There are 2 protein chains.
Amino acid sequence: MNIGDVAARSGLPAKTIRYYEDIGLVRPQRDPNGYRAFREQDLHKLAFLGRARGLGFSIEDCRNLLHLYEDETRTSAEVKDIAQHHLDEIDAKIANLREMRDTLSDLVRCCAGDDRPDCPILESLGSEPETK
Amino acid sequence: MNIGDVAARSGLPAKTIRYYEDIGLVRPQRDPNGYRAFREQDLHKLAFLGRARGLGFSIEDCRNLLHLYEDETRTSAEVKDIAQHHLDEIDAKIANLREMRDTLSDLVRCCAGDDRPDCPILESLGSEPETK
DNA sequence: ATAAGGGTTCCAGCAACTGGAAGGTCAAGG
DNA sequence: CCTTGACCTTCCAGTTGCTGGAACCCTTAT
């Protein structure tokens, strides 16, 4: 399989696949002409990576998850640990974004959005946050 | 005011303030010795930027908001437009993260987290998503 | 004289790609 | 046989918003 096929079948851009090779996540063989030659196994790895990235895992997490995936002697505790940490981070991010959104949607709601210059959004950004 | 004072009073790291000068968000004057000399006005701008960044606005949005803030002929519609776009993006991010979290928390919940190798998390990452 | 605690510049690096340039390879069509 | 087009290759630069560090200057106190 050439990179284009793998890209189509894994859903990852060819650029990304090359990048993953660069950083050592996959090691496709090479044809005599220099083209990357992917086996089913490589495709499977890339699909794994695509799904892990889709769940928001960092590249380093992905690397570790992949190692565990291929390590028969792993424990599910190791995997769960990584996932739990990531879950905590996601929750933190959501909480953070929600706070932004709440503040911001209040401001947007209060803004007339007409052609006058008065704007509660700018007023709020321009002054100390009194309520906290 | 030197940069340290402004950092303390604005809550922004000195590095960040220098960076903001680099990209043209503030233009402090200079003392004869080469030190940046901030006026109250500059501090005010930086505080504005800090709050806008705190709401998650991109630097470019911040730049535009700052221009509008200082432009007497602005319309609140222009401001609201920027804020509304940003709000939409935040909502999209939250939705995205929530989906990740839902999937991930299911997986974490199903994982024993013991010293056996069987792990639904890895199994899920290793196989086609059947539902959906 | 020197030491501490400011300040300055510039360069590199983070994450995870993405775009683009310059060029090699291959199969099909005229 | 040559060309065209669609592949593939490498390498370099840019993205976002800083952050760390090196090497150096300025000021004040001891």
Side-chain angles (χ1 to χ4, degrees), chain A residues 1-38 42-43 45-46 48-66 82 85-86 89-90 93 96-97 100, chain B residues 1-38 42-43 45-46 48-66 82 85-86 89-90 93 96-97 100:
Chain A
M1 261 181 297
N2 283 346
I3 200 167
D5 308 316
V6 182
R9 291 180 59 191
S10 70
L12 295 171
K15 278 271 184 187
T16 298
I17 296 172
R18 290 196 195 97
Y19 171 68
Y20 285 175
E21 183 188 9
D22 255 25
I23 61 174
L25 287 179
V26 277
R27 299 179 199 287
Q29 302 184 302
R30 296 289 178 138
D31 283 337
N33 62 11
Y35 286 19
R36 287 169 184 82
F38 296 86
D42 297 314
L43 173 59
K45 260 195 193 184
L46 286 165
F48 180 102
L49 289 168
R51 285 186 285 267
R53 292 286 301 135
L55 286 178
F57 284 104
S58 72
I59 290 285
E60 278 323 294
D61 277 351
C62 288
R63 193 190 299 277
N64 293 326
L65 289 171
L66 203 48
I82 294 175
H85 273 150
H86 180 44
E89 272 172 20
I90 288 180
K93 270 188 202 165
N96 196 358
L97 285 171
M100 287 181 190
Chain B
M1 263 182 293
N2 282 347
I3 199 166
D5 308 316
V6 182
R9 291 180 58 190
S10 69
L12 295 171
K15 279 266 183 190
T16 298
I17 297 173
R18 290 196 195 96
Y19 171 68
Y20 286 175
E21 183 187 9
D22 254 24
I23 61 174
L25 287 179
V26 278
R27 301 180 198 285
Q29 303 185 301
R30 296 288 178 138
D31 283 338
N33 62 10
Y35 285 20
R36 288 169 183 82
F38 295 86
D42 297 314
L43 172 60
K45 261 195 192 184
L46 287 165
F48 180 102
L49 289 168
R51 284 186 286 266
R53 291 287 301 135
L55 286 178
F57 284 105
S58 71
I59 290 286
E60 279 323 294
D61 278 350
C62 288
R63 193 190 300 278
N64 292 326
L65 289 170
L66 202 49
I82 294 175
H85 274 148
H86 180 45
E89 272 172 19
I90 289 179
K93 269 188 201 165
N96 196 356
L97 286 171
M100 287 182 190

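A note on names: the letters A, B, ... follow the listed sequences, proteins ahead of strands, and every chain is numbered from 1. Predicted, not measured: the structure shown is a model, and the values here were computed from it.
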Terminal axis angle for the helix from C/dA1-D/dT30 to C/dG30-D/dC1, five pairs an end, nearest 10 degrees: 40°
Side-chain heavy-atom pair A/Asn64, A/Phe57 within 4.5 angstrom cut-off: no
Side chain to side chain, A/Tyr20 and A/Val26, heavy atoms closer than 4.5 Å: yes
Heavy-atom side-chain proximity of B/Leu46 to B/Thr16 below 4.5 angstrom: no
Sugar-phosphate, base or nothing in reach of B/Ile3, heavy atoms under 4.0 Å: sugar-phosphate
Sugar-phosphate, base or nothing in reach of B/Phe57, heavy atoms under 4.0 Å: nothing
Residue closer to the 5' end of DNA chain C, B/Gly4 versus A/Gly56 (nearest nucleotide): B/Gly4
Any donor-acceptor N/O pair, A/Asn33 side chain to A/Tyr35 backbone, under 3.5 Å: yes
Distance below 4.0 Å between B/Arg36 side-chain N/O and C/dG7 OP1 or OP2: no
Nucleotide nearest B/Arg18 when distance is taken to its side chain, options D/dT10, C/dT9, C/dA16: C/dT9
B/Arg27 and B/Asp42, any side-chain heavy atoms less than 4.5 Å apart: no
Just the table, please: protein N/O against nucleotides 21-25 of chain D N/O, every pair under 3.5 Å.
unit_1: D/dG21; atom_1: O6; unit_2: B/Lys15; atom_2: NZ; d: 2.3

N or O in side chain of A/Asn33 less than 4.0 angstrom from C/dC26 OP1/OP2: yes
Presence of salt bridge, A/Arg18 and A/Glu21, under 4.0 angstrom: no
Candidate nucleotides D/dT19, D/dT27, C/dA16, ranked by approach to the side chain of B/Thr16 - the nearest: D/dT19
Contact under 4.0 Å: A/Tyr20 side-chain N or O vs C/dC17 OP1/OP2: yes
Distance test, side-chain N/O of A/Arg30 to OP1/OP2 of D/dT10, below 4.0 Å: yes
Sidechain-backbone polar pair: A/His86 side chain, A/Asp61 backbone, donor-acceptor under 3.5 Å: no
B/Asp5 CG to B/Leu43 CG distance, which is reported to the nearest 0.5 Å: 9.5 Å
